[in-house]
Structures are given as C-alpha cells and as structure tokens.
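Worksheet: one structure, shown below.
Atoms considered below: every heavy atom in the structure, side chains included; atoms not considered: hydrogens, waters and symmetry mates. Computed from a predicted structure; not experimentally measured.
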Amino acid sequence: MIRDESIEGYLGRLASGEPTPGGGATGALAVAEGAGLLAMAARFSGTEEDARASEGLIAACLGLADGDERGFGAVAEAFGLPRYTPEARARRSAAIQAALAEAVRPPRGIVDAAERALDLAE
C-alpha cells in the first residue's frame, strides 16, 4: 500500500514503467501533501478544527491513492485475459468493463478531495 511506502520506494515504482502506481495515485498524494500544509497553517493560526479536517483529508487521500492503484491494477489484469475464442473475448470484455467501472471511483474521489482542500484553504 502506498501509505506504508517510503517516498523513495514509491517514486521508484512510479518510474518503473509498470501500470501502477500512476497518475491517479500521484494526484491523490499531491492533494494529501496540500492538506498537510493546510493542517500546518491551521495550527499556526490557531484553528484546530481546520487542522483536524485537513488531517482527515490526508487519510482519505492516502486511501484514494491505494484505491487508484488497486483499480488500475485490475484494469491491467483484465486486459491481459485470454481472447482466443468468442467466449474468452466476451469474458475479457466484461472483465474490462467491470474493472473500468470501479477504477473511475478513486479519481472522482480525488477531485472531491481537492475541492474540500480548496474549501479549507479559503
């Protein structure tokens, strides 16, 4: 899971050319970093409630990064399924569609998290 990796380990995997982690996980981590800065700023200004909300956003973004990696891993796996027969092609197509339907959830969550971060920043 990304949340348990070192920065160096994560960046090494990101640079590896493997399908995951990718852009969604990276976006989630960027929002998490922004939320960390928001928490720091909130503590300097004495708004502990905003600091706690920002910390919750960090946790949510780490979960989204992990979810994005799992989701696109499933998509890559589905694309690797056999397609030698009409039945196999149908199973592969269904698996790809199901994986894609799940894989879009974390990126949507990242957009929502970025919006919450902007609200906190204001």
Side-chain angles (χ1 to χ4, degrees):
M1 291 178 62
I2 291 170
R3 74 173 61 239
D4 298 323
E5 283 186 76
S6 70
I7 294 169
E8 186 175 8
Y10 168 77
L11 293 174
R13 284 192 323 115
L14 183 62
S16 73
E18 293 296 317
T20 63
T26 302
L29 291 179
V31 176
E33 285 184 274
L37 289 169
L38 288 170
M40 179 181 66
R43 288 207 165 84
F44 282 128
S45 67
T47 53
E48 190 61 31
E49 183 178 323
D50 286 345
R52 284 192 304 276
S54 296
E55 288 174 339
L57 194 52
I58 293 169
C61 287
L62 289 173
L64 289 165
D66 288 335
D68 185 76
E69 184 171 6
R70 280 189 306 273
F72 280 91
V75 170
E77 188 175 303
F79 270 102
L81 292 173
R83 51 185 170 183
Y84 305 116
T85 66
E87 295 82 14
R89 281 192 295 277
R91 279 192 302 275
R92 179 179 179 268
S93 179
I96 290 169
Q97 292 305 309
L100 286 171
E102 287 301 312
V104 298
R105 294 180 192 278
R108 179 63 216 171
I110 295 164
V111 171
D112 293 341
E115 183 179 11
R116 288 195 309 273
L118 288 172
D119 289 343
L120 284 167
E122 287 178 352

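In this structure, Ser45 OG and Leu38 CG are separated by 10.0 Å, a value rounded to the nearest 0.5 Å. Considering CG of Leu118 and CZ of Arg116, their distance stands at 11.5 Å, rounded to 0.5 Å.
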Side-chain donor-acceptor contacts of residues 93-103 below 3.5 Å, not counting sequence neighbours, with atom names and distances?
unit_1 : atom_1 : unit_2 : atom_2 : d
Glu102 : OE1    : Arg105 : NE     : 3.3
Glu102 : OE2    : Arg105 : NE     : 3.4

In residues 24-33, what donor-acceptor pairs under 3.5 Å come from side-chain atoms, sequence neighbours left out?
unit_1 : atom_1 : unit_2 : atom_2 : d
Thr26  : OG1    : Tyr10  : OH     : 2.8
Thr26  : OG1    : Gly22  : O      : 2.9

Per-pair distances, 0.1 Å, donor-acceptor, side chain in residues 57-65, under 3.5 Å, sequence neighbours excluded:
none

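Residues Arg83 and Arg89 share a closest heavy-atom pair of O-NH1, 3.2 Å.
Under the side-chain contact (heavy atoms from CB on, under 4.5 Å) criterion, Asp119 pairs with Glu115, Glu122, not counting sequence neighbours. Under the rule for a salt bridge (Lys or Arg N to Asp or Glu O under 4.0 Å), Glu77 has no partner lying at least two apart in sequence or in another chain. Every side-chain contact (heavy atoms from CB on, under 4.5 Å) that Leu37 has, sequence neighbours left out, goes to Met40. A search for side-chain contact (heavy atoms from CB on, under 4.5 Å) contacts involving Arg43 returns Ala39, Glu48, Ala51, Glu55, not counting sequence neighbours. Every residue meeting the side-chain contact (heavy atoms from CB on, under 4.5 Å) condition with Asp50, not counting sequence neighbours, appears here in chain and number order: Ala42, Thr47, Leu120. For Arg91, there are no salt bridge (Lys or Arg N to Asp or Glu O under 4.0 Å) partners at least two apart in sequence or on another chain.
Hydrophobic clustering (ILVMFWY, side-chain heavy atoms < 4.5 Å, transitive): Val111 and Val104 are in distinct clusters.
Here salt bridge (charged side-chain N to carboxylate O under 4.0 Å, His left out) pairs that include residues 60-71, with residues two or more places apart or in two chains, are Arg3-Asp66, Arg13-Glu69. Counting only residues at least two apart or on different chains, no salt bridge (charged side-chain N to carboxylate O under 4.0 Å, His left out) pair has a member in residues 14-26.
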